There are 2 protein chains.
Amino acid sequence: MKKLFAQRVLNNSNSYINDIFKNSANPQNISFAGGFPDQDLFPSDQLEEAYRTAIANSKPDIFQYQSVQGSPSLRQKIANRMIKNSGMMVSSENILLTQGGQQAIDLTAKLLLNKGDSIAVEAPTYMGALTAFDMYEPVYHEIPIDKDGMQIDILEQTLKKHPKIKLIYTIPDFQNPTGTLLTSERRKKMVELANKYDVMILEDSPYRELKFEGDSVPPVKYYDTEDRVIFISSFSKILSPALRTGWMIAGKGVMERLLDLKSATDLQSPAITLAAVDQYLSNNDIDQHIKEMTDVYRQKRNVMLSAIKRYFPKEITYTIPHGGFFVWVTLPQEINSTQLLIEKVLPDAHVAYVPSDSQYVSKKITNAFRLNYTGLNPTIIEEGIKKLGEVLRKEIQLVQLKIG
Amino acid sequence: MKKLFAQRVLNNSNSYINDIFKNSANPQNISFAGGFPDQDLFPSDQLEEAYRTAIANSKPDIFQYQSVQGSPSLRQKIANRMIKNSGMMVSSENILLTQGGQQAIDLTAKLLLNKGDSIAVEAPTYMGALTAFDMYEPVYHEIPIDKDGMQIDILEQTLKKHPKIKLIYTIPDFQNPTGTLLTSERRKKMVELANKYDVMILEDSPYRELKFEGDSVPPVKYYDTEDRVIFISSFSKILSPALRTGWMIAGKGVMERLLDLKSATDLQSPAITLAAVDQYLSNNDIDQHIKEMTDVYRQKRNVMLSAIKRYFPKEITYTIPHGGFFVWVTLPQEINSTQLLIEKVLPDAHVAYVPSDSQYVSKKITNAFRLNYTGLNPTIIEEGIKKLGEVLRKEIQLVQLKIG
């Protein structure tokens with residue numbers, strides 16, 4: 001039967017995300033692997049009430065087919081928040097409600113990518129985006145990240161050298177997996193480059209509102225002058241991932257096509273869920289909720305960074321995220337983080353992380369890994385980092401012995 | 001910007017489904033166009049209670065990320081019903097929960113179709129499936145329908161002549177749009193042909209349980225001996241379309257790949273919705289609900305057929321559906337149903353239907369249309385058919401005058 005599968009499926013050698021979900025579900029392990037929000041922070045009672053009210057207010061209509069684009073009232077509320085929080089002009093007509101940010105990435109790929117088309121991605125980047133893009137069989141060009149996000153000078157060289165690039169994929173806010181924030185200068189420059197080299201930008205920004213400190217930076221789309229930026233965000237990280245409710249913002253010409261694609265893909269998102277999110281936003285102060293959640297996540301970030309400082313050997317470097325979900329850890333070149341995970345970290349320390357190779361298209365960086373701090377409580381974070389530190393210390397001693 | 005769009009998007013010249021939803025929303029028109037269930041039949045109070053209980057019982061976990069495949073408990077209930085109602089052996093491990101049947105079609109296309117791969121479809125067929133398949137740029141081969149469903153002898157000739165065909169797409173139960181039921185002999189033969197010519201079958205069966213009369217016929221998958229049939233159904237027509245909850249049944253090798261595709265597409269379906277459907281099935285007798293719904297739909301089918309008999313000119317032929325949502329009407333060859341809709345039926349009679357050209361890949365049959373009877377009440381059905389009959393009578397007289 002396998003010969004009947006499409007090439008895109010046969011290409012797909014790894015399904016890291018599924019494995020991560022499985023690893024995280026094993027209660028034996030302390031898993032820093034998943035990108036899970038802290039479920040104690042979900043406004044469960046308010047969401048429960050929102051579902052109750054939404055259904056009571058609009059049955060039986062709420063159970064019928066609705067529009068492809070999704071609840072106009074919810075789209076208006078999202079537009080209002082985007083205007084208030086980012087200074088962008090956003091109309092509800094330019095918003096499409098999607099099944100989380102993941103579907104928004106898939107729809108963008110479906111919109112733009114012929115087999116063999118080129119795309120520029122950050123290195124490292126969100127591995128779930130790569131699995132979505134992979135299905136359209138693109139050619140990737142990696143743009144390395146430094147402490148200020150995607151390196152724009154390298155982006156420019158790459159765009160100049162590869163005129164077939166159609167799309168730049170960026171996670172500018174507290175990047176997955178490195179936690180870095182793209183500077184406003186680089187955002188502006190990125191749009192200028194998109195205009196100059198005639199490419200689109202996919203701005204994937206689920207962590208934007210989870211800022212621990214520092215100045216606000218406008219979205220890349222804020223600088224957009226030619227409707228080249230498709231902006232994505234979702235309620236998964238700020239409210240609940242089980243809502244599977246994301247949104248994408250695009251110009252009129254792009255939006256018209258996206259509606260057709262959404263219809264072809266799954267007709268529409270579930271009206272009941274959209275009504276419940278709308279109801280939640282009507283009856284609650286989501287900004288206050290996000291502030292409280294951010295306070296907890298900042299504290300967890302602090303606990304993880306202190307623990308890393310205390311328990312990790314000094315040969316190891318790591319990023320300092322000012323928001324979002326992740327710390328990126330770099331080991332000495334000689335250590336392969338996938339091998340280490342399988343042979344020592346999981347069996348000896350019962351700790352899980354996401355090794356770097358799955359987060360690079362090229363898979364060539366093998367000595368780093370991603371840690372999540374939002375999903376675990378501070379005591380467990382401390383314990384897990386301590387255990388992980390012990391394995392890392394031994395491994396580095398071993399490597400130094402070999403080298404020495 | 002348009003030149004940055006993928007070829008699959010530029011190919012897509014029509015977005016009929018969106019237009020139908022728009023037409024149906026215009027309260028001025030009596031729309032037989034949409035495939036809407038009767039919303040007075042939704043078990044709204046029971047679904048409301050199901051959401052309430054599901055959330056109350058499992059918060060806050062229910063708001064967290066869950067598995068790609070979807071609620072094991074709901075999958076088990078679906079498996080049990082399939083075993084009971086169809087005599088197939090189905091394990092919950094072989095079920096994937098999807099965003100309605102539409103996503104199941106999209107995932108199947110994503111699994112199998114390289115650009116230029118060939119696929120056999122019924123003529124006419126469900127236009128939403130064509131929009132999903134179109135995105136993977138296949139070559140279509142049309143297999144005509146007669147009163148017993150897909151014509152299997154023509155299927156065999158086609159498979160013999162075109163060895164590049166990978167997939168047969170069929171709606172065997174009360175087909176959309178013709179309402180026909182594929183005989184069990186043809187089902188068996190279809191599987192034999194799939195084995196012989198090494199192709200997969202996509203069995204799309206959302207109307208299966210809405211049977212008005214006649215013997216039960218097993219699913220095509222019942223005859224499957226080599227895991228070649230992917231079976232799709234959904235709760236959209238038997239419970240509520242706003243749940244966007246469908247399922248697909250596939251063998252192990254196919255299922256493994258489908259899980260990766262689902263993850264790449266939207267990670268997972270909304271856990272809250274799946275828990276609510278599960279709760280509904282625990283606390284209610286869905287078979288009894290379907291029986292009551294089927295009684296109403298049978299009555300509406302009867303009203304539509306009587307009205308057609310009374311008000312349509314004798315030159316017009318139509319199918320007699322024994323279940324499902326649709327009647328298929330064929331006009332004299334000379335009449336173009338799209339032109340008639342736009343120029344006379346909509347403006348004069350304020351009635352809408354789905355013209356045949358959008359339901360044929362080849363668009364070559366232009367003298368037929370699809371009518372839905374489930375979404376409207378009997379008085380409106382009678383009124384709409386009467387108005388439509390008047391336009392048809394005039395048009396046929398006009399054609400006869402021209403010919404004469």
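What you see is a predicted model, and the numbers here were worked out from it, not measured in a lab.
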Heavy-atom pair with the smallest gap, counting every atom of A:Ala132 and B:Ala264 | CB-O, 3.5 Å
Whether B:Phe63 and A:Tyr51 hold their rings parallel, tilted or perpendicular, with breakpoints at 30° and 60° = tilted
What distance do B:Lys115 atom NZ and A:Arg8 atom CZ have between them, rounded to the nearest 0.5 Å?
-> 11.5 Å
Highest number of heavy-atom pairs under 4.5 Å with chain A among B:Gly100, B:Pro43, B:Ala56 belongs to B:Ala56
Checking A:Ile62 against chain B: side chain, backbone, both or neither under 4.5 Å from a heavy atom?
-> backbone
Closest heavy-atom pair, B:Asp198 versus A:Leu4, reported as atoms and distance to 0.1 Å, is O-CD2, 3.5 Å
Heavy-atom closest pair (A:Pro60 atom, B:Ser44 atom, distance to 0.1 Å) is CB-OG, 3.3 Å
Region of B:Ser269 in contact with chain A, defined by heavy-atom distances below 4.5 Å = backbone
Contact class of B:Asp61 relative to chain A, heavy atoms under 4.5 angstrom = both
If you measure from CG on B:Leu267 to CD on A:Gln103, what distance do you get to the nearest 0.5 Å?
-> 10.5 Å
So, the part of A:Ala104 with a heavy atom under 4.5 Å from chain B: the answer is neither
A:Thr265 OG1 to B:Asp266 CG distance, which is reported to the nearest 0.5 Å | 9.5 Å
A:Tyr65 and B:Gly35: which non-hydrogen atoms are nearest, and at how many Å?
-> CE1-O, 3.8 Å
Which answer fits B:Thr273, side chain, backbone, both or neither, if we ask what part of it has an atom under 4.5 Å from a heavy atom of chain A?
-> side chain
Chain B shares the most heavy-atom pairs under 4.5 Å, among A:Asp45, A:Thr98, A:Leu107, A:Leu239, with A:Asp45
Which answer fits B:Ala276, side chain, backbone, both or neither, if we ask what part of it has an atom under 4.5 Å from a heavy atom of chain A?
-> neither
Calculate, to the nearest 0.5 Å, the distance between atoms CD and CD1 belonging to B:Glu49 and A:Ile55 respectively.
-> 10.5 Å
Taking every heavy-atom pair that is under 4.5 Å apart, which of A:Lys59, A:Glu48, A:Gln64 has the most such pairs with chain B?
-> A:Gln64
Relative to chain A, which segment of B:Asp106 carries a heavy atom at a distance below 4.5 Å: side chain, backbone, both, or neither?
-> side chain
Below 4.5 Å from any heavy atom of chain A, which atoms of B:Ile105 appear? Answer side chain, backbone, both or neither.
-> neither
Reported CD-to-CZ distance for the pair B:Gln99 and A:Arg244, which is rounded to 0.5 angstrom | 9.0 Å
So how far is it from A:Phe5 CZ to B:Leu261 CG, rounded to the nearest 0.5 Å?
-> 9.0 Å
